[in-house]
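Please read the structure below before turning to the comments.
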Amino acid sequence: MDILEYLNPAQRQAVEAIDGPVLILAGPGSGKTRVITHRVAYLIKTCRVSPRRIMAVTFTNKAAKEMTERLEKLVAGSVKDITVGTFHAICAKILHIDGKAIDIDPKFVIYDDDDQMVLVKRAFEEQSLDPKQVNPSSVITAISHAKSKMQSPADYTKRARSYFEEVVGRIYERYQRLLTESKALDFDDLLLKTVELFKKQPDVLNHYQERYLHVMVDEFQDTNMVQYELVRLLSGKYRNICVVGDPDQSIYSWRAADLHNILSFEHDFKDAKVIFLEQNYRSTKTILETASHVISANQQRKPVKLWTENDTGEQVMLVEAFTEQEEAQFVVREIERLTGQGKFKLGDFAVMFRTNAQSRVLEEVFVRYGTPYRLVAGTKFYERREIKDVIAYFRLIHNPQDSVSLMRVINVPGRGIGDQTLDKLAMWAKSLGVSTYEALKILLEARQNGHDLAYPFTNRAADSLLRFTAIIEDCIKKSREVNLIELFDFLTESSGYKVYTLADQDGQERWDNVLELRSKAENYADLPTTEALMAFLENVALVSDTDSLETAADRVTLITLHQAKGLEFAVVFIVGVEEKLLPHIRSFDDPEQMEEERRIFYVGITRAKLCVYLVHSFRRNFQGQSQVNSPSRFLDDIPKHLTRTPGWQTEQPAVTTDSIYTWSRSKIEETNTPAPASSLPDFKDGDRVKHAQFGEGVVVTTKKSGADIEVTVAFKNAGLKRLLLAYAKLEKI
DNA sequence: CGAAAGGCTCTTTTT
DNA sequence: GAGCCTTTCG
């Protein structure tokens, strides 16, 4: 097979440019992944580079997985030797092996954002700070951004200029100490410590530089400063670094991603070859043109000229719904209509939204209509309580210093260990100058040896603590004797967790989840248990289960715009294309954020191959309260000739007065063919009526409107509405 | 100590 | 509307 076959000239150039730094600017649908995978294949097959000496870094696990799968088809036997993974996974591996050189215990655990929150709140408490005055999650964000910029707590504090920053500095410092005490690293630390390792230990760096002759980075526009520093260090020796990105698809600035890294790259590697991939193979001309108009309104960007040989295709459909229910209903019905014509199957459709909260209504309506769907990242497996509990037990066995896990499970199932006891235990441990778990062990040993020991809690509390400690100690002992699965079973039995879970209302379901975790652990049963435990814990920390979404089933995909990046669908619905939602309200006072919102919208549009529906709703429930949203400003950037609206919509444009809703388009509610007006019951002023949605009310006025009759009704609960009889299904009562 | 109820805030995107 | 926290009561 010729690796260069079927590549266009620019793609081919990108594949063949293997010496020295390369920057590939790849528009949506331009065959980016194809270029990377073929480049790897070219290196291995044509240039005879050992697969061991190639690293391909991705941003998400999903991307890593896809790359592996596609490489499988090109260089089957070699795939296992290529280093393919996310920044975080690769760094975790490096730190497990070489972290000792900068005092990182190989038994470190990885803290996710929940764990982070626990520590930050603990830091708040210790500093007597009120979480209501300073928002802990904004502190976490600030800490994360500081880490992304490689600022230590001291660095940060030095620069603190406001009260908030001063608080962040204090919390950051304490938080970091708590992490160290727990022998834990957060996500940012994985990157930061690896950079630190490389900088402080030149021989370690040298080893990795020697090994990785070729380094490739996907989604480069999403890298932050640490990540960029990391690849810069790694490729510092041979300088065979190839980064692929698209500044217009940079949508992760909130995670400190910095699209300026692309500029820095050109600056740091002045001899870099720059290759543009501009031919789009995915979308129709209309879709590509629409997307180009949307993104062109951004000021902070270089103009690019995307083009395609694909058909012109259909116009983009602009739809206004009344409520989010109607919005969802329109989507489902349209999908039904299109699949009914036999042109599409359900798997061809995606419904995209800005915020996860929007998915609920969609789900409800999909369920009501019986339309199969898959919700990407609904309730995540690893976020379930029972899963987190069991993992916490394992983390504790692996690393008893892990205070977050200890506190999580010490009283789960209930052992009569309450806040009082825990407070006293913490104080006691502090006075002894040991960690909480060490204090527990001291207690256990004293009891076993019959020593007297002064402790500040009651004997009953001490007994409870000892029972717990004995369980963990037993598990630790067991972990030296049995494999991971046997340990799993021993743990869930001896801790009482199995009985505790099954006793619950939906206990069977929760226990089934635990068993699913157990089946994941089976992958590690052949390894020595200590090693297995480490690999298992690393995997559950870094791999979210959205990454392993089955795509085989023929279902409609419900997905956030962020998660949709990198995917493609025949037909794309973007819902909630409204001010305050897309652009999101949080971006209103920041032009840079606003540009990012536009890029998010751009990413959504460019996912579509054939059709795009942009749907907004006149009214939407937000925090229980209904609010009126106007169509997104981004829609103004789309030339009219590229769009159309559904027939029913142009007949009766929405009219609003005094912020009172005046005209319902509930026609999509029940029937597409309204009953003839003549057969409608007559309503006159004062009639009491009932409406499916609005409830009971009284007719205020009636008036002829074309073939139909418009009735204004004062509803008891929903206020004044003007309704068309043909559609509104009013009942006399 | 723990369960239950009530009150509060806050809602972007995720490795 | 949900999740989190605090309060209250047994």
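Order of the sequence lines fixes the chain letters, A, B, ..., with proteins taken first and strands second; residue numbering starts at 1 for each chain. Please read these numbers as outputs of a predicted model, since none were measured by experiment.
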### Task
Go through B:dT15, B:dT13, C:dC4 for me and flag the one nearest to the A:His562 side chain.
B:dT13
### Query
Would A:Arg633 count as a cation-pi partner of A:Phe588, with NZ or CZ less than 6.0 Å from the six-membered ring centre and within 45° of the ring normal?
yes
### Task
Answer with base, sugar-phosphate or nothing: what part of the nucleic acid does A:Lys565 contact at a heavy-atom distance below 4.0 Å?
nothing
### Query
For the side chain of A:Phe187, counting heavy atoms from C-beta on, which of B:dT15, C:dG1, B:dT13 is nearest?
B:dT15
### Message
Would you say A:Thr421 places a side-chain N or O within less than 4.0 Å of OP1 or OP2 belonging to B:dC1?
### Response
yes
#### Entry: Nucleotide pairing, DNA chain B (Watson-Crick or G-U, distances under 3.5 Å), in dot-bracket with [ ] and |
||||||||||.....
### Task
Just call it for A:Ile600: base, sugar-phosphate, or nothing, with non-hydrogen atoms closer than 4.0 Å on any strand.
nothing
### Task
Take atom CD1 of A:Ile585 and atom C1' of B:dT13, then tell me their distance rounded to the nearest Å.
16 Å
### Task
Take A:Tyr373 and A:Glu363 through the side-chain hydrogen bond (donor to acceptor under 3.5 Å, both in side chains) test and state the conclusion after the steps.
CA-CA 8 Å; A:Tyr373 67 92; A:Glu363 266 195 286; 2.6 Å; yes
### Message
For the aromatic rings, using the six-membered ring if either is Trp, is the centroid distance between A:Phe634 and A:Tyr602 under 6.0 Å?
### Response
no
### Message
Within the 4.0 Å heavy-atom criterion, would you say A:His88 contacts the bases, only the backbone, or no part of the nucleic acid?
### Response
base
### Task
Answer with base, sugar-phosphate or nothing: what part of the nucleic acid does A:Asn135 contact at a heavy-atom distance below 4.0 Å?
sugar-phosphate
### Query
Given C:dC5, is OP1 or OP2 found less than 4.0 Å from the side-chain N or O atoms of A:Lys121?
yes
### Query
What do you reckon, do A:Phe87 and the base of B:dT15 stack, with centroid distance below 5.5 Å and planes below 30°?
no
### Query
Reckon A:Asn356 has a side-chain N or O less than 4.0 Å from the OP1 or OP2 of B:dT13?
yes
### Query
What is the distance from NZ of A:Lys132 to P of B:dG7, rounded to the nearest Å?
14 Å
### Message
Using a 4.0 Å heavy-atom cut-off, does A:Asn411 contact any base of the nucleic acid, only the sugar-phosphate backbone, or nothing at all?
### Response
sugar-phosphate
